[in-house]
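Every number for a ligand or one of its atoms is a count from 1 in the order of the listing.
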Amino acid sequence: MTDAAPLTLFNSLTRQLEPFHPVHPGEARVYTCGPTVYNYPHIGNMRAYVFADILGRTLSFKGYKLTHVINITDVGHLTDDADAGEDKLEKAAAENAQSIWQIAQHYTEAYWADIKALNIRQPAQWTIATKFVPQMIEFAKGIAEKHCYELDSGLYFDVSTVADYGRLARAETSEGQSRIDPVPGKRNQLDFAIWRKTPPGESRQMEWDSPWGRGAPGWHLECSVMSGEVLGFPFDIHTGGIDHREIHHPCEIAQNQAHCHTNGLDKAANSGANIWMHNNFLVERSGKMSKSSGEFLRLQLLIDKGYHPLAYRMMCLQAHYRSELEFSWEGLGAALVRLKRMVMGVEKLRERAHKGQGGNFDANTYVGTFENVMSDDLNTPEGLAVLDLLVGVSAIPPSDAVVAIGKVDAVLGLNLLTLTRTDLRIRPKAATITVAEIEATLAQRKDARAAKDFATSDKLRDKLTAEGVEVMDGDPLGWDWKLG
Ligand code: AMP
Ligand code: ZN
């Protein structure tokens with residue numbers, strides 16, 4: 001461990017910044033609620049994993065041995081978080097006339113492709129919900145007698161049997177939440193399904209035998225079981241998007257309390273994890289984030305339009321994870337330009353290092369500042385500002401600056417030491433012109449300009465514009481053209 005500022009993180013459970021004290025000295029055990037694989041993730045979903053990745057990389061940078069688990073929910077998540085509606089996967093399978101297993105596999109792979117494209121590190125384990133059903137049944141058996149009751153539709157958790165239900169959400173246990181609640185016979189409005197029985201006369205593609213009849217586990221049960229199984233209670237940090245602070249995580253906490261026989265939540269460890277962290281939402285005004293909106297904002301759409309996926313990562317890092325982030329194409333374009341500047345900056349530093357140029361500033365001071373800002377609840381906007389300095393301050397010896405950028409980028413994950421300008425110049429899918437044609441036309445145009453034949457030069461420029469190529473005369477970035 002280094003002598004720099006201790007790591008401080010915002011705990012949603014206490015609504016406070018708290019120093020990180022690992023449960024197991026030198027280790028950090030983190031569980032992240034993963035996707036429900038019934039559709040492609042939208043870029044907002046991916047913000048949740050970029051955030052969890054930054055947390056994991058920061059913990060590694062601070063010297064902790066990280067065990068990170070992300071789950072894949074392939075059963076049990078209903079179309080409404082509060083026990084209402086259909087199973088999202090059953091519904092998608094019916095709509096696509098495919099087996100639920102095919103749906104799950106297809107969208108899990110699509111999600112993993114986005115994980116890779118965003119340079120999110122692989123967790124120690126991806127836990128797949130359907131692989132943990134026997135453990136879920138055991139867990140439910142252990143808490144059923146004291147904390148649950150059976151209805152025709154399944155086994156329900158009685159939230160009045162644990163202390164401080166809803167502390168995380170800051171919600172009242174009695175009333176106060178206006179959720180649609182179609183389940184007749186529940187003791188408390190906020191009680192939730194642990195096990196959902198298959199209705200008589202129906203069969204589901206995914207169902208298992210249990211002491212409460214054939215059926216499927218509830219979504220909240222899955223995360224309690226997978227986190228506890230792999231990381232052990234209490235573990236260090238549990239993450240998810242801010243919507244999970246309201247229903248999913250309070251339900252997980254209630255189950256964990258029941259399972260661990262812990263009491264009230266004044267002691268955070270009683271919840272099953274010491275720190276609960278939530279990223280705020282990516283928002284978009286025109287509704288393109290909604291998966292039911294036809295062409296919705298998924299990472300592939302950004303790539304198809306000519307934006308490198310790491311430009312989206314840059315966009316995420318430019319905001320603090322606890323702030324709402326508004327998506328716009330202009331904002332994404334600006335993030336891409338910033339990434340290009342950094343990539344070119346590294347190229348220039350390497351050239352200067354090659355020429356043996358020096359400087360008298362200490363690059364490690366910048367790394368120290370970087371560590372301090374990241375230790376302050378993962379302040380990535382400030383971290384990027386330090387990176388800008390490392391790239392741009394000419395008094396830092398260039399070879400030291402490159403080494404320091406490597407250290408900083410191990411946390412920010414922008415691939416600055418390997419990305420090239422060519423990597424960043426992605427062709428929009430709609431463009432038909434080839435790179436060779438662009439270069440040839442630009443060469444003709446250069447000749448025309450040299451000959452002061454501006455009419456021809458303008459015509460060639462118009463021709464390129466019609467093909468979606470933006471010609472950038474005197475571009476300070478040194479980019480001659482851009483497809484976009
Ligand atoms: P889901 O697959 O719906 O369970 O969501 C996967 C993750 O994305 C969860 O952690 C959600 O809280 C998170 N999430 C959903 N929508 C957004 C959004 N617009 N911005 C950021 N995170 C989101
Ligand atoms: Zn979860």
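Checked for salt-bridge contact, Asp209 and Arg214 meet the test: a charged N lies under 4.0 Å from a carboxylate O. Arg187 and Asp158 are joined by a salt bridge, as a carboxylate oxygen and a charged side-chain nitrogen come within less than 4.0 angstrom of each other.
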* To do: For the pair His68 and Gln125, evaluate side-chain hydrogen bond (donor to acceptor under 3.5 Å, both in side chains) and give the outcome as yes or no after the intermediate values.
  => CA-CA 7 Å; His68 191 187; Gln125 199 173 328; over 6 Å; no

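With a 6.0 Å cutoff to the six-membered ring centre and a 45° limit on the axis angle, Arg322 counts as a cation-pi contact of Phe10.
In this structure, His42 is part of the shell of residues with a heavy atom less than 4.0 angstrom from ligand 1. Residue contact annotation: Val37 has no non-hydrogen atom under 4.0 Å from ligand 1.
Distance from atom 10 (O) of ligand 1 to its nearest protein heavy atom, with residue and atom name: Gly241 N, 3.0 Å. The protein non-hydrogen atom at the shortest distance from atom 22 (N) of ligand 1 is Gly44 O, 3.0 Å. If you check which protein heavy atom lies closest to atom 11 (C) of ligand 1, you get Asp243 OD1, 3.5 Å.
Under the side chain to side chain contact (heavy atoms under 4.5 Å, CB included) rule, Thr380 has a single partner from Met314, Met374, Gln318, which is Met374.
Here Asp53 contributes atom CG and Met46 contributes atom CE; the two are 9.5 Å apart, rounded to the nearest 0.5 Å.
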Quick one: side chains of residues 110-118, donor-acceptor pairs under 3.5 Å with protein atoms, not counting sequence neighbours, listed by atom name and distance.
none

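Near Asn280, meaning under 4.0 Å from any of its heavy atoms, are these atoms of ligand 1: 21 (C). Counting the atoms of ligand 1 from 1 in the order shown, those under 4.0 Å from a heavy atom of Thr36 are 2 (O), 4 (O). Heavy-atom proximity to Asn279, at under 4.0 Å, picks out these atoms of ligand 1: 21 (C), 22 (N). Here is the list of ligand 1 atoms found below 4.0 Å of a heavy atom in Met289: 19 (N). Heavy-atom proximity to Pro35, at under 4.0 Å, picks out these atoms of ligand 1: 2 (O). Which parts of ligand 1 touch Tyr49 is read off a 4.0 Å heavy-atom cut-off, strictly below it: atoms 6 (C), 7 (C).
Applying the ring pair (Phe, Tyr, Trp, His ring centres under 6.0 Å) rule to His106 yields the partners Tyr40; only residues at least two apart in sequence or on another chain are considered.
No side-chain donor from either of Asp87 and Tyr38 sits under 3.5 Å from a side-chain acceptor of the other.
Of the candidates Asn45, Thr239, Leu282, it is Asn45 that places a heavy atom closest to atom 15 (C) of ligand 1. In this comparison of His278, His244, Glu284, the heavy atom closest to atom 9 (C) of ligand 1 sits on His244.
Judged purely by atom type and a 3.5 angstrom limit, Arg170 has no side-chain atom pairing as donor or acceptor with the backbone of Glu246.
Listed by chain and number, the protein N, O or S atoms at a distance under 2.8 Å from the Zn ion (ligand 2) are Cys33 SG, Cys223 SG, His248 NE2.
Aromatic ring centroids of Trp219 and His244 lie under 6.0 Å apart.
The salt bridge (charged side-chain N to carboxylate O under 4.0 Å, His left out) contacts involving residues 259-275 comprise Arg167-Asp266, where partners must be two or more places apart or lie in separate chains.
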